[in-house]
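Each remark here refers to the structure printed beneath this line.
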Amino acid sequence: MTIERFRTKTRSSPVLRHNGVVYLTGQVGEGDTVTEQTHSCLARIDALLAEAGTDKRHLLQATLWLHDMGDYDAVNEVWDAWVPEGCAPTRNCGQVSVAVPGARVEIIIVAAMPEA
């Protein structure tokens, strides 16, 4: 059983691949608005999925943490445009105090590897 860790640091690995499944740490984005942060966050997710050898067409699960549930509709507008049609994962969304100062959204992704 092989566990592949990408860019491992003391506390965590941003990407981990095991048994055909890719796990991403929570990603936050940059920007002044929740819309900008969501776009930036999803771009980071795209890059990490590509690094692991998969993409957003293989999403299994997403967990979205919002600093303020009042941002729910704005985040969903960006999310809905990003997820390919027919590829929506299971999804959870809740309100938390995101650990990164100024972050209004954090997204955690689990994805499958494409079949060979």
Side-chain angles (χ1 to χ4, degrees):
M1 169 175 350
T2 301
I3 299 173
E4 297 174 84
R5 292 174 175 86
F6 298 72
R7 293 190 265 134
T8 299
K9 297 182 179 165
T10 303
R11 188 167 294 148
S12 70
S13 299
V15 182
L16 187 144
R17 187 169 54 200
H18 173 66
N19 271 357
V21 179
V22 173
Y23 303 86
L24 303 185
T25 58
Q27 298 299 306
V28 296
E30 298 175 354
D32 294 326
T33 68
V34 72
T35 298
E36 291 170 344
Q37 288 185 18
T38 304
H39 279 292
S40 175
C41 181
L42 294 174
R44 289 178 184 197
I45 289 169
D46 281 331
L48 290 170
L49 290 173
E51 183 177 341
T54 191
D55 59 47
K56 63 188 175 186
R57 292 173 296 140
H58 298 92
L59 299 177
L60 298 173
Q61 183 177 38
T63 301
L64 285 72
W65 294 124
L66 305 181
H67 178 72
D68 181 345
M69 287 304 289
D71 290 334
Y72 186 75
D73 291 338
V75 170
N76 280 336
E77 185 175 331
V78 177
W79 174 266
D80 291 345
W82 179 76
V83 175
E85 187 173 338
C87 297
T90 63
R91 195 183 103 154
N92 308 293
C93 185
Q95 181 174 332
V96 299
S97 293
V98 179
V100 176
R104 298 182 64 167
V105 59
E106 179 176 357
I107 302 175
I108 303 161
I109 294 290
V110 178
M113 292 296 296
E115 294 186 22

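We count residues from 1, following the sequence as given. Fair warning: this is a prediction, and the values are worked out from it, not measured in the lab. All heavy atoms count here, side chains included; hydrogens, waters and symmetry mates do not.
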Report task. Mind running side-chain contact (heavy atoms from CB on, under 4.5 Å) on Leu49 and Leu59 for me, showing each step along the way? Result -> CA-CA 10 Å; Leu49 290 173; Leu59 299 177; 4.1 Å; yes
**Report entry** Check: Cys93 and Leu66 side chains under 4.5 Å, non-hydrogen atoms
**Finding:** yes
Query - Closest approach of Thr35 to Ala74 (non-hydrogen atoms, all atoms of both residues) - result: OG1-CB, 4.0 Å
Query - Partners passing side-chain contact (heavy atoms from CB on, under 4.5 Å) against Arg57 (at least two apart in sequence or in another chain) - result: Asp55, Pro84, Cys87
**Report entry** Between CD1 on residue Ile107 and OG1 on residue Thr63, distance to nearest 0.5 Å
**Finding:** 10.0 Å
Report summary line: In this structure, CD1 of Ile45 is separated from OG1 of Thr38 (nearest 0.5 Å) by 9.5 Å
Query - Val34-Val96 co-clustered via ILVMFWY side chain contacts under 4.5 Å - result: no
Query - Residues that Glu36 engages under side chain to side chain donor-acceptor pair (under 3.5 Å), provided they are two or more places apart - result: none
Report summary line: By side-chain contact (heavy atoms from CB on, under 4.5 Å), Glu4 pairs with (sequence neighbours left out) Thr2, Phe6, Arg17
Query raised in the report: Can you tell me how far the CD1 atom of Ile109 sits from the CG atom of Leu60, to the nearest 0.5 Å?
Result: 9.5 Å
Query - Under the side chain to side chain donor-acceptor pair (under 3.5 Å) test, residues paired with Ser12 that sit two or more places apart - result: none
**Report entry** Test side-chain contact (heavy atoms from CB on, under 4.5 Å) applied to Ala103 - qualifying residues, sequence neighbours left out
**Finding:** Val28, Gln37, Val98, Val100
Query raised in the report: Can you name the nearest heavy-atom pair linking Ala62 to Pro89, along with the distance?
Result: CB-CG, 4.1 Å
Report summary line: Here the salt bridge (charged side-chain N to carboxylate O under 4.0 Å, His left out) pairs for residues 68-93, sequence neighbours left out, are Asp71-Arg104
**Report entry** For Arg7, all residues meeting side chain to side chain donor-acceptor pair (under 3.5 Å), sequence neighbours excluded
**Finding:** Glu51
Query raised in the report: To the nearest 0.5 Å, how far apart are CG in Asn19 and CE in Met113?
Result: 12.0 Å
Query - CG on Leu48 to CG on Leu24, rounded to 0.5 Å - result: 5.5 Å
Query raised in the report: Should Asn92 and Leu64 count as side-chain neighbours, where that means a heavy-atom distance under 4.5 Å?
Result: no
Query raised in the report: Would Ile108 end up clustered with Leu16 when hydrophobic side chains under 4.5 Å apart are linked, directly or stepwise?
Result: no
**Report entry** Residue list, side chain to side chain donor-acceptor pair (under 3.5 Å) with Glu30, at least two apart or on another chain
**Finding:** Arg44
Query raised in the report: Measuring from Thr90:OG1 to Gln61:CD, what's the distance to the nearest 0.5 Å?
Result: 4.0 Å
Requested in this report: Just grab all the ring-ring contact (aromatic ring centres under 6.0 Å, His included) pairs involving residues 63-109, residues at least two apart or on different chains.
Outcome: Trp79-Trp82
Query raised in the report: So which pairs with a foot in residues 21-64 pass ring-ring contact (aromatic ring centres under 6.0 Å, His included), sequence neighbours left out?
Result: none
